[in-house]
Amino acid sequence: MTENETSAPAGPPPAQLAPVGTAAEADATNAPPGGAGSGQRPPAEDRWSRATKHVEGAPEVHVHVPRPPRWYAVLWSSKKARIGIVMLAFFVFIAIFAPMLTPHDPNDSSFVPVQDPSGEHWLGTNTLGFDIYTQLLFGTRLSLAIGVLGGLGVTLIALLIGMVSGYAEGTWLDDGLSFLTNLALVVPVLPLMMVIVAYSETRGLGLLVFVVAITGWAGHARTKRAQIITLRSREFVTAARFGGDGMLRIVFREIMPNMTSLVVSGFIAASTAAIAAEAGLSFMGFGDPNTVSWGQMLFQANANGALVQGLWVWLLVPGVFLALITTSLSFVNFGVDLLSNAQLREEEN
Amino acid sequence: MRYYARKTGYFLLTLWAAVTLNFLIPRLQPGDPAEVMVRQLTGRDGEIDPTQIEAVRAMLGYADENVFVAYWKYLQQLAQGDLGVSFTYYPFTVGEVIGQALPWTLGLIGVTQILAFLLGTFLGTYAAWRRNSRFDSFISVGSTFLGNLQSFWIGMIILFVLAYELGWFPAVGGYGYTTPGWNWLFVADVLSHAFLPALTLMVTAPIGFILGMRNTMVQELGGDYIRLAQAAGLPDRKVALGYAARNALLPTVTSFALSLGVLMSGSILVEQLFDYPGMGRLMGEATSNRDFPLMQAILLTTITIVLTASFVVDLLYGVIDPRARKSR
Amino acid sequence: MANERTTPVLRVEDLSVRYEPRLGTAVDAVKHASLTVSEGEFVGLVGESGSGKTTLAQAVLRLLRKPGRVANGRIWWGEDDVTDATENELRPKRWRDVATVFQSSMNSLNPVVRIEKVFTDVITAHSDSDADAAHERACELMDMVRIERSFLRMYPHELSGGMRQRVNLALALALQPKLVLFDEPTTGLDVVVQKQILDEIRRLQAELRFGAILISHDMGTILDFSDRVAIMLDGEIVEDVATDTLLTGGPQHPYSVHLLGSYGELLGEDVEGYDAAGLKAVEEREEQVAQIQEAVEVPTIVEITNLVKRFERRRGFRVEHVDAVTDVSLTLRKGEVTALVGQSGSGKSTIARIITTIESPTSGQVRYHPEGGGEPWDITRLNRKQRRVYGNAVQYVFQDPYAALNPALTVAYQLSRPLQNYRGMTKQQALDAAAELLEQVGLTPAAAYLARLPHELSGGQRQRVVIARALAPDPTLLIADEPIASLDVSIRAEILELLQSLVLRRGVGMLYITHDLLSAQMLADHAIVLQNGQVQEQGPAKEVIENPQAGYTRELLDAIPNPFQDRSVA
């Protein structure tokens with residue numbers, strides 16, 4: 001544990017010769033040598049590193065402690081993450097400016113049905129008389145909304161259960177919560193979603209977010225629990241307790257900052273799953289018929305025989321957009337994973 | 001043998017919890033489930049005939065006010081294999097309806113899952129062994145992209161191209177105009193109908209195994225025992241297969257059962273699309289017809305399948321990992 | 001000793017190894033290192049963590065991984081230049097020319113196969129032997145390291161750490177290698193087991209006459225074993241001399257002087273040219289301790305009587321008992337250092353955990369005498385207010401400064417929390433007080449350290465911050481749990497000196513927990529030797545160590561080499 005030089009270089013290189021900045025260096029030089037017993041002696045590293053590093057008369061060599069690269073630099077260093085961020089920015093742009101990018105209304109079904117792509121209708125119209133291009137643009141909004149809200153919901157439940165369970169490791173509380181987590185993990189998600197939606201009397205975004213959160217938290221809770229357990233037994237947590245800090249402060253100020261990248265990557269993964277879940281549920285006919293979403297478009301396309309009639313645009317485009325938005329999120333997550341795993345930074349090409 | 005006893009106990013406990021969850025789901029919904037059901041069945045907002053509600057209640061076993069009595073009855077009925085009567089397929093019981101559909105789904109899912117596992121671990125192993133090669137990045141980028149495609153959308157494209165445009169395979173159903181029975185004609189018919197749904201599932205099913213196997217194996221390759229094997233000059237193949245892959249396989253095997261659950265979800269969508277006579281289509285029908293007994297029985301069956309698979313995998317795991325048998 | 005006429009078994013010339021991570025700066029982990037090992041020669045390679053010794057070993061074994069690469073220099077195994085050899089060219093030479101026992105070799109056996117399989121894999125890969133011959137050879141090797149042959153049928157996880165290391169040793173010798181590279185082969189093992197393994201290595205090396213490189217940060221072992229010592233600092237080999245020369249003629253490089261001096265200081269040996277940390281012997285501090293204790297009414301801080309801690313472990317329906325601590329009594333007083341000495345599992349950490357109220361005793365009493373007199377408190381029955389006072393009074397100095405500081409928070413934050421919590425300071429006041437604390441532990445100027453994150457500090461600096469944090473609430477008792485065990489040899493003496501001077505200056509008491517009798521002798525007034533939870537010996541530290549009564553104490557003492565004296569006798 002104390003020695004692992006082979007893996008060290010990927011993290012911050014060991015700060016052996018770590019003089020302290022010019023001021024510190026100067027001061028260390030002036031300190032009386034061997035003020036024994038005073039506790040004021042400069043640390044040994046400074047003393048012998050001075051001997052090796054600073055040849056008399058030579059200009060002072062400032063040995064710099066390499067800082068670990070900043071998080072945004074790490075993120076941006078990954079080609080996949082770069083592509084993901086650009087793609088995601090593109091979708092956010094579409095979602096925000098959708099009304100300005102199309103002259104039509106997504107709920108307007110007054111167009112002549114089944115038109116081929118034209119200057120007026122860039123991707124044509126469908127059998128119900130909607131403008132496909134417009135619906136595609138506005139569908140971005142729902143997907144992003146469900147991604148953000150569903151991701152948040154899942155992350156909150158997972159954090160709560162994972163953190164409590166991990167912090168109470170070995171107790172009955174943990175046993176109970178872990179059992180619940182494992183149970184939730186084996187329940188196939190889609191059938192459960194369908195049962196819940198079928199019982200519900202309302203349809204809409206709120207229900208979708210609820211269903212996504214209630215079915216999707218288990219895996220994330222498990223990883224967070226494991227993470228908490230490793231962090232909790234670390235000495236700095238005990239140290240904070242000895243320092244008089246309370247449990248909440250320890251969890252949020254000491255432990256949380258060390259698992260940010262895990263929480264973020266969990267959030268992104270949950271968002272991806274939420275977007276996919278919405279699409280699946282809508283495709284099964286459980287979406288809100290009054291909103292425009294890509295899943296809804298695919299549902300209508302399938303229900304109205306787009307396949308048989310060869311209306312491939314109607315079919316193709318929403319699916320491609322769905323794939324692109326979730327791919328962009330996965331790509332961003334490649335970058336986020338690099339933050340917590342320095343070893344991975346050497347892998348990618 | 002303590003390992004096996006513990007795993008069996010855990011399996012039974014989880015099964016009981018799932019059964020209880022299934023009992024609780026309708027009761028956790030806000031409002032009177034029977035009333036909700038009648039409203040939804042009749043589509044009426046205003047006054048409802050109270051006798052209708054009573055009738056539904058009795059049918060669902062909600063007649064007893066006492067939850068514990070109801071729970072006890074529910075367990076008794078379940079033990080006898082009585083899952084109630086289906087609304088849609090009345091007078092058939094839920095058990096009979098599911099019995100019809102289950103073999104189709106088990107066949108479809110079982111075959112794809114096993115193929116996906118074999119293909120996935122193979123590709124994952126190879127990608128990890130040749131990591132950072134062209135093949136590796138092709139596999140990892142390709143998996144990411146394919147993994148983000150929706151199975152039902154893939155199905156639509158496949159249906160469109162292979163069935164409608166090219167006409168190579170039948171588009172929908174489980175079999176055509178042959179008579180069911182153990183003859184070659186029927187078997188061939190079933191296989192040709194199952195091919196497209198299976199193909200659709202196979203596009204995404206191996207991806208979890210590929211990435212899982214690749215990542216754990218890359219991790220294992222960094223292990224001390226690998227380094228030692230290399231220092232000792234063992235042949236590459238031996239280090240890759242006998243050492244790294246052998247160890248990396250363990251977590252992949254554990255994920256087998258959970259990925260079966262994912263595949264089940266996928267198959268619901270795909271069966272719906274291909275009108276395949278399995279549990280997935282049945283689930284779609286049950287939910288859109290608000291056939292609550294059928295719907296819940298299907299949920300319970302799928303959970304039980306995944307649980308059982310996970311139990312079998314656990315037992316198997318004890319055989320392949322010497323540490324599991326002993327520790328804890 | 002070294003045979004000059006034959007080709008050396010290993011020759012490294014002007015070797016540089018560079019790590020080039022995709023992000024961040026490239027680091028030269030090894031710089032222009034040259035090293036030669038002759039047939040049958042035992043070379044010790046010593047250096048701090050991060051000095052590049054393991055990297056050098058990886059390069060020598062041709063096992064460097066990305067992002068590391070050989071940037072300069074050449075490596076010969078015997079007569080073959082292997083610097084650029086391909087894996088296929090290397091494979092037949094591996095394990096015959098150079099074999100190895102890794103650090104942390106707990107994990108160096110394939111966990112899912114029986115041990116015999118690893119042996120047969122290695123043996124059959126390099127010879128035409130069939131399975132029977134390989135089995136025969138494996139049995140021979142087991143005999144050689146004195147393990148029952150039946151262990152071949154076991155899985156690695158069924159073996160204890162020491163056993164596994166013997167197996168690794170046997171495995172390294174499977175093909176009668178010309179050179180064996182031992183990379184920290186005993187790290188993580190218990191002191192007494194360490195000694196057994198090292199003795200085994202020495203015996204086999206003397207018998208089989210293979211060349212050996214022993215990498216370690218343990219000066220004692222290195223000096224005791226090696227014909228020649230190479231000292232690494234910051235990637236360079238700064239000293240490469242015969243061990244006798246090093247001990248008698250004195251080292252040349254200032255770092256070597258410091259390393260040897262710091263090591264010697266804990267043994268009570270002077271090394272010429274070493275600027276001693278200045279630990280005070282018992283006689284020197286007697287007076288000060290007396291002054292401290294006279295100044296207060298009750299010098300006692302914590303009093304432990306007949307402490308018992310029994311752990312229960314449920315295994316199925318049976319309940320197993322483990323007595324971690326049996327009937328221990330001790331008193332901690334102001335100005336005094338009490339050493340609790342024992343191996344891992346001796347119960348010394350359990351006692352510390354009980355004093356810090358993390359665990360509660362099964363029976364016996366732990367009483368705290370509050371500042372300003374009054375009835376002593378039973379620490380298992382503290383009310384809310386008392387718990388706070390007690391938590392303030394007893395502070396902890398952790399073993400591993402890399403784990404004890406939160407990597408995500410600045411030094412200023414971590415120091416100011418206890419100040420705010422216990423001393424009711426505002427943020428600004430706490431910051432000023434934190435700066436003052438840093439100066440007290442020798443980190444000057446404090447301003448340069450406050451804004452730093454732990455990874456920007458060296459190991460010694462981190463440990464100083466840990467000590468400063470323990471001092472922050474102005475405690476009366478410090479529990480120091482192996483405070484120097486994770487530190488590099490060259491700074492151990494001065495951290496001990498810092499602790500000692502703090503105890504005397506601030507008049508606090510200290511419980512010093514250690515496996516190392518010698519440091520206890522240097523630091524402590526009282527010593528208690530623990531084995532399996534039972535007190536073996538108790539008394540003034542000097543007496544316990546100079547005139548040990550219990551057999552166990554002698555055993556512990558024997559495990560500590562003193563190369564200075566061994567050499568002067570020889």
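Below, chain A is the first sequence line, B the second, and so on; all start at residue 1.
- Contact annotation for A:Ile275: neither backbone nor side-chain heavy atoms come within less than 4.5 Å of a heavy atom of chain B.
- Heavy-atom neighbours of B:Phe135 CZ from other residues, nucleotides or ligands within 6.0 Å: above the threshold of 12.
- When side chains are defined from C-beta on, B:Gln150 does not count as touching A:Trp294, because their heavy atoms never get closer than 4.5 Å.
- Contact detail for A:Met284 and B:Gly284: the closest heavy-atom pair is CE-CA, 3.9 Å.
- Residues B:Ile298 and A:Val195 have side chains not in contact (no heavy-atom distance under 4.5 Å, counting atoms from C-beta outward).
- The side-chain heavy atoms of A:Leu316 and B:Ile157, taken from C-beta on, include a pair separated by under 4.5 Å.
- In this structure, chain A has no heavy atom under 4.5 Å from any part of B:Val262.
- Using a 3.5 Å distance cut-off with no hydrogens or angles, the side chains of B:Asn148 and A:Ser330 do pair a donor with an acceptor.
- Closest of all the heavy-atom pairs between A:Met194 and B:Ile268 is SD-CG2, 3.9 Å.
- Taking the six-membered ring where the residue is Trp, B:Tyr10 and A:Phe179 present perpendicular rings, their angle passing 60° and hence far from 30°.
- For a residue to count as touching a neighbouring chain, one of its non-hydrogen atoms must lie under 4.5 Å from one of that chain's; by this rule B:Leu146 does not touch chain A.
- Here B:Ser140 contributes atom OG and A:Phe334 contributes atom CZ; the two are 5.0 Å apart, rounded to the nearest 0.5 Å.
- Between A:Trp314 atom CH2 and B:Met156 atom CE the span is 9.0 Å, to the nearest 0.5 Å.
- For the residue pair A:Leu190 and B:Ser265, the shortest heavy atom distance occurs at N-OG, 3.1 Å.
- Taking CG of A:Leu185 as the reference point, atom OG1 of B:Thr14 lies at 11.5 Å (rounded to 0.5 Å).
- A distance of 9.0 Å separates CG in B:Leu13 from CG in A:Leu183, rounded to the nearest 0.5 Å.
- Heavy-atom contacts from other residues, nucleotides or ligands closer than 6.0 Å to CZ of B:Arg281 number more than 12.
- Of the two parts of B:Ala18, the backbone and the side chain both hold a non-hydrogen atom closer than 4.5 Å to a non-hydrogen atom of chain A.
- Comparing A:Ile325, A:Asn182, A:Leu298, A:Leu180 by how many heavy-atom pairs each has under 4.5 Å with chain B, the most go to A:Leu298.
- Interatomic distance, CG of A:Leu192 versus CD1 of B:Ile25, reported as 5.5 Å (0.5 Å rounding).
- Counting all heavy atoms, side chain and backbone alike, B:Met283 lies closest to A:Pro191 at CE-O, 3.5 Å.
- Using modelled atom types, no side-chain atom of B:Trp153 and backbone atom of A:Leu322 make a donor-acceptor pair closer than 3.5 Å.
- Looking at B:Leu307, only its side chain comes within 4.5 Å of chain A, counting heavy atoms on both sides.
- Of all the listed residues (A:Leu329, A:Leu315, A:Val189), the one sharing the greatest number of non-hydrogen pairs under 4.5 Å with chain B is A:Leu315.
- Using a 4.5 Å cut-off between heavy atoms, B:Leu258 touches chain A through its side chain atoms alone.
- In this structure, CZ in B:Phe152 is found 11.5 Å from CZ in A:Phe299, a value given to the nearest 0.5 Å.
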